[in-house]
Amino acid sequence: MSSLQDKLSKLQGDTPSQWKAAAKYRRDNREWLKKSAAIAVKVLDALKEQGLTQKDLAERMQVSPQHINKIVKGQENLTLETITNLEMALGIKIIDDNAQQKKSAA
């Protein structure tokens, strides 16, 4: 048994695992992470349909390619300004401007 513990100790890293903190973060931010992932899918679909690269989109939006990469990973907490810039750069609708009016009319 001691040899197994020795082997496991050798495999263990020096820094403690952050899995609990990461799991808590995902649980605490679940709702906006879902929406961010949905936006990422829309952006990736639009890029594919238009034959554009992430670099092309970055140039259109005047941001870094790394910023676009974060967006398409679906884990970026996007501002309304960024969402609007995505819509304008890709010619797509991400947020339905009439959604609130439709709910009120119903």
Side-chain angles (χ1 to χ4, degrees):
M1 185 77 125
S2 165
S3 65
L4 177 60
Q5 287 177 338
D6 292 339
K7 289 179 183 178
L8 290 174
S9 292
K10 288 179 185 177
L11 293 174
Q12 181 179 353
D14 293 337
T15 57
S17 173
Q18 298 295 319
W19 71 268
K20 278 188 178 181
K24 182 180 183 329
Y25 175 82
R26 286 190 305 274
R27 183 180 62 240
D28 292 347
N29 297 289
R30 181 179 302 138
E31 292 308 313
W32 75 258
L33 284 168
K34 283 182 192 177
K35 291 176 182 171
S36 182
I39 290 170
V41 169
K42 286 183 180 185
V43 169
L44 287 169
D45 286 346
L47 289 174
K48 186 176 180 180
E49 287 173 13
Q50 297 177 29
L52 297 172
T53 65
Q54 291 180 29
K55 185 177 179 185
D56 295 332
L57 179 57
E59 289 172 2
R60 285 186 181 188
M61 291 179 61
Q62 298 179 342
V63 298
S64 70
Q66 292 82 1
H67 185 67
I68 299 301
N69 187 263
K70 287 180 182 179
I71 292 170
V72 299
K73 284 183 178 179
Q75 297 187 350
E76 187 75 358
N77 192 355
L78 303 170
T79 64
L80 290 172
E81 179 181 16
T82 301
I83 293 169
T84 301
N85 288 341
L86 284 166
E87 290 177 329
M88 290 172 31
L90 294 170
I92 62 172
K93 272 295 185 196
I94 295 172
I95 295 178
D96 184 2
D97 298 335
N98 298 319
Q100 187 61 38
Q101 292 174 352
K102 289 177 187 175
K103 279 186 176 181
S104 298

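All figures in this text were calculated on a predicted structure; none of them were measured in a lab.
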Mind checking side-chain hydrogen bond (donor to acceptor under 3.5 Å, both in side chains) for Asp56 and listing every partner two or more places apart, or none if nothing turns up? Thr53
Is there a side-chain contact between Lys55 and Ile68, using heavy atoms and a 4.5 Å cut-off? no
Side-chain polar contacts of residues 22-32 - donor-acceptor pairs under 3.5 angstrom, sequence neighbours left out - could you list them?
{"from": "Lys24", "atom 1": "NZ", "to": "Asp28", "atom 2": "OD2", "distance (Å)": "2.6"}
{"from": "Asn29", "atom 1": "OD1", "to": "Trp32", "atom 2": "NE1", "distance (Å)": "2.9"}
{"from": "Asn29", "atom 1": "ND2", "to": "Tyr25", "atom 2": "O", "distance (Å)": "2.8"}

Hits for side-chain hydrogen bond (donor to acceptor under 3.5 Å, both in side chains) against Thr15, two or more places apart or cross-chain, chain-then-number order -> none
Who are the side chain to side chain contact (heavy atoms under 4.5 Å, CB included) partners of Ala40, not counting sequence neighbours? none
Look at the side-chain heavy atoms of Ile, Leu, Val, Met, Phe, Trp and Tyr, link any pair under 4.5 Å apart, and say whether Ile83 and Met61 land in one connected group. yes
Strictly by salt bridge (Lys or Arg N to Asp or Glu O under 4.0 Å), give each pair with a member in residues 67-94 just once, sequence neighbours left out. Lys93-Asp97
Would you say Ile95 ends up clustered with Val43 if hydrophobic residues are merged whenever their side chains have heavy atoms under 4.5 Å apart, either directly or through other cluster members? yes
Test of understanding: with side-chain hydrogen bond (donor to acceptor under 3.5 Å, both in side chains), list the residues that count as partners of Ser36, not counting sequence neighbours. none
Would Leu78 and Leu47 show up in the same hydrophobic cluster when neighbours are defined by side-chain heavy atoms closer than 4.5 Å? yes
Are any of the side-chain heavy atoms of Lys48 and Leu44 separated by less than 4.5 Å? no
Does Val63 share a hydrophobic cluster with Leu52, counting links as ILVMFWY side-chain heavy atoms below 4.5 Å and allowing steps through other members? yes
Quick one: do Ile71 and Ile92 end up in the same hydrophobic cluster if we chain Ile, Leu, Val, Met, Phe, Trp and Tyr together by side-chain heavy atoms under 4.5 Å apart? yes
Determine whether more than 12 heavy atoms belonging to other residues, nucleotides or ligands lie under 6.0 Å from atom CG of Leu80. no
Taking only residues two or more places apart in sequence, or in another chain, which ones meet Val41 in a side chain to side chain contact (heavy atoms under 4.5 Å, CB included)? Asp45
